[in-house]
Amino acid sequence: MKFAPTAVSGAFVVEVEARSDDRGMFARTFDAQTFAAQGLVPVYPQCNVSQNHKRGTLRGMHYQADPRPEIKLVRATRGRVFDVALDLRPDSPSYLKWASVELDAISHNAFYIPAGCAHGFLTLEDDCELFYQMSETYVPELARGVRWDDPTFSIAWPFTPSVISERDAALESYSQETSL
């Protein structure tokens with residue numbers, strides 16, 4: 001595996017080293033010792049799947065607040081998505097910056113998103129599925145989010161979403177957010 005740093009401190013694109021032959025392809029997508037050697041969290045007690053039917057579906061920008069912030073390791077198991085990490089850590093050198101990666105099922109890449117960062121994605125084609133490994137279990141009262149289109153961040157989404165949940169559409173701008 002290769003770990004490519006991004007504009008967000010502590011966020012990495014994880015690229016697999018595929019080996020192909022006449023049978024097909026094999027790649028290691030996760031190894032606890034390799035992650036630990038990189039200084040990354042090697043234990044994920046919860047995993048989630050997100051299925052998205054239509055191109056243009058936006059989910060985000062979500063995070064879990066202290067005292068149980070989540071680290072996420074996200075990969076596309078079907079389709080392609082524009083995946084974003086947004087740094088909301090006031091003490092971080094990349095505070096209020098964002099990084100994106102195109103995750104797709106063909107390359108088997110992943111995005112490691114550190115605690116204190118919001119996460120969201122936009123589907124680039126129909127029928128996308130994402131698999132999340134989570135460093136914390138979900139705590140509903142700690143669930144938070146900020147607007148995907150907040151001008152504070154100026155995230156350069158590839159196009160305007162056509163499908164967004166009522167919850168995500170109603171998220172407040174960061175300047176109004178009081179509980180990080």
Side-chain angles (χ1 to χ4, degrees), residues 1-8 10-38 40-64 70-87 97-115 117-138 143 145 148-149 153 155-165 167-169:
M1 285 175 277
K2 296 178 184 173
F3 298 86
T6 69
V8 170
F12 295 90
V13 177
V14 182
E15 299 170 352
V16 301
E17 298 179 74
R19 293 182 177 41
S20 298
D21 60 24
D22 58 344
R23 299 169 294 170
M25 184 277 294
F26 176 85
R28 180 167 289 120
T29 61
F30 177 78
D31 179 76
Q33 289 180 332
T34 302
F35 271 65
Q38 290 289 321
L40 307 179
V41 166
V43 178
Y44 298 92
Q46 180 177 311
C47 295
N48 304 324
V49 173
S50 172
Q51 184 179 11
N52 306 275
H53 300 295
K54 300 207 181 272
R55 177 186 187 272
T57 299
L58 182 125
R59 293 187 188 239
M61 300 293 295
H62 307 145
Y63 64 99
Q64 188 160 289
E70 300 167 321
I71 294 167
K72 297 178 182 180
L73 181 62
V74 183
R75 78 178 60 252
T77 53
R78 188 171 50 240
R80 289 182 315 120
V81 302
F82 180 82
D83 206 73
V84 176
L86 170 63
D87 194 342
K97 292 187 176 159
W98 59 274
S100 67
V101 62
E102 186 175 302
L103 297 177
D104 69 88
I106 294 171
S107 70
H108 307 284
N109 59 343
F111 201 9
Y112 180 91
I113 302 165
C117 291
H119 170 252
F121 65 87
L122 179 67
T123 59
L124 300 175
E125 56 190 49
D126 289 343
D127 197 24
C128 292
E129 182 179 270
L130 274 71
F131 180 75
Y132 294 63
Q133 290 171 257
M134 312 292 286
S135 68
E136 286 286 342
T137 55
Y138 178 67
W148 65 276
D149 60 352
F153 315 124
I155 298 170
W157 298 97
F159 54 87
T160 302
S162 56
V163 179
I164 186 168
S165 72
R167 174 186 175 245
D168 288 350

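Index from 1, following the sequence. Everything numeric in this text was worked out from a predicted model, so none of it was measured. Hydrogens, waters and symmetry mates play no part in the numbers below; they use all other heavy atoms, side chains included.
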Any side-chain to backbone donor/acceptor pair from Tyr44 onto Tyr132? Under 3.5 Å, distance only. no
Can a donor-acceptor pair be found, under 3.5 Å and without considering hydrogens, that links the side chain of Asp83 to the backbone of Arg75? no
Identify, with sequence neighbours excluded, every residue that meets ring pair (Phe, Tyr, Trp, His ring centres under 6.0 Å) alongside Phe82. Trp157
Once ring pair (Phe, Tyr, Trp, His ring centres under 6.0 Å) is applied, do any residues pair with Phe131, and if so which ones, sequence neighbours excluded? none
Within 6.0 Å of CZ in Arg28, more than 12 heavy atoms from elsewhere: no
Chi angles and distances behind the side chain to side chain contact (heavy atoms under 4.5 Å, CB included) call for Lys54, Thr123: CA-CA 7 Å; Lys54 300 207 181 272; Thr123 59; 5.9 Å; no
Who pairs with Arg19 by salt bridge (Lys or Arg N to Asp or Glu O under 4.0 Å), at least two apart in sequence or on another chain? none
Closest contact, heavy atoms only, Tyr63 versus Glu70: C-OE1, 4.4 Å
Identify, with sequence neighbours excluded, every residue that meets salt bridge (Lys or Arg N to Asp or Glu O under 4.0 Å) alongside Asp87. Arg89
Among all residues two or more places apart in sequence or in another chain, which pass the side chain to side chain contact (heavy atoms under 4.5 Å, CB included) test with Ser20? Met25
With sequence neighbours left out, what residues match Ser162 under side chain to side chain contact (heavy atoms under 4.5 Å, CB included)? none
Tyr138: what forms a ring pair (Phe, Tyr, Trp, His ring centres under 6.0 Å) with it, not counting sequence neighbours? none
Looking at Leu73 and Ala110, what are the two nearest heavy atoms and their distance? CD1-CB, 3.9 Å
Determine whether a donor-acceptor pair (N or O, by modelled atom type, separation under 3.5 Å) exists between the side chain of Asp168 and the backbone of Gly60. yes
Residues in salt bridge (Lys or Arg N to Asp or Glu O under 4.0 Å) with Arg55, at least two apart? none
Exam field: side chain Asn109 to backbone Asp104, donor-acceptor pair closer than 3.5 Å: yes
Can you name the nearest heavy-atom pair linking Ala27 to Ala18, along with the distance? CB-CA, 3.9 Å
The criterion is ring pair (Phe, Tyr, Trp, His ring centres under 6.0 Å); which residues satisfy it with His62, sequence neighbours excluded? none
My understanding is that only residues two or more places apart in sequence, or in another chain, count here; which of them pass side chain to side chain contact (heavy atoms under 4.5 Å, CB included) with Ala36? Pro42
Any donor-acceptor N/O pair, Asn48 side chain to Gln46 backbone, under 3.5 Å: no
Using the rule given for side chain to side chain contact (heavy atoms under 4.5 Å, CB included), can you reason through Met61 versus His119, listing the C-alpha separation, both sets of side-chain angles and the distance that settles it, and then say yes or no? CA-CA 5 Å; Met61 300 293 295; His119 170 252; 5.5 Å; no
Taking salt bridge (Lys or Arg N to Asp or Glu O under 4.0 Å) as the test, write out the residues that go with Asp127, two or more places apart. Arg78
Counterpart residues, side chain to side chain contact (heavy atoms under 4.5 Å, CB included), relative to Phe3 (two or more places apart): Met1, Phe12, Val14, Thr34, Phe35, Gln38, Leu40
Please give me the minimum heavy-atom distance between Val74 and Leu130, naming the atom from each residue. CG1-CD2, 3.5 Å
Which distance, rounded to the nearest 0.5 Å, do you find between the CG of Leu122 and the CH2 of Trp148? 8.5 Å
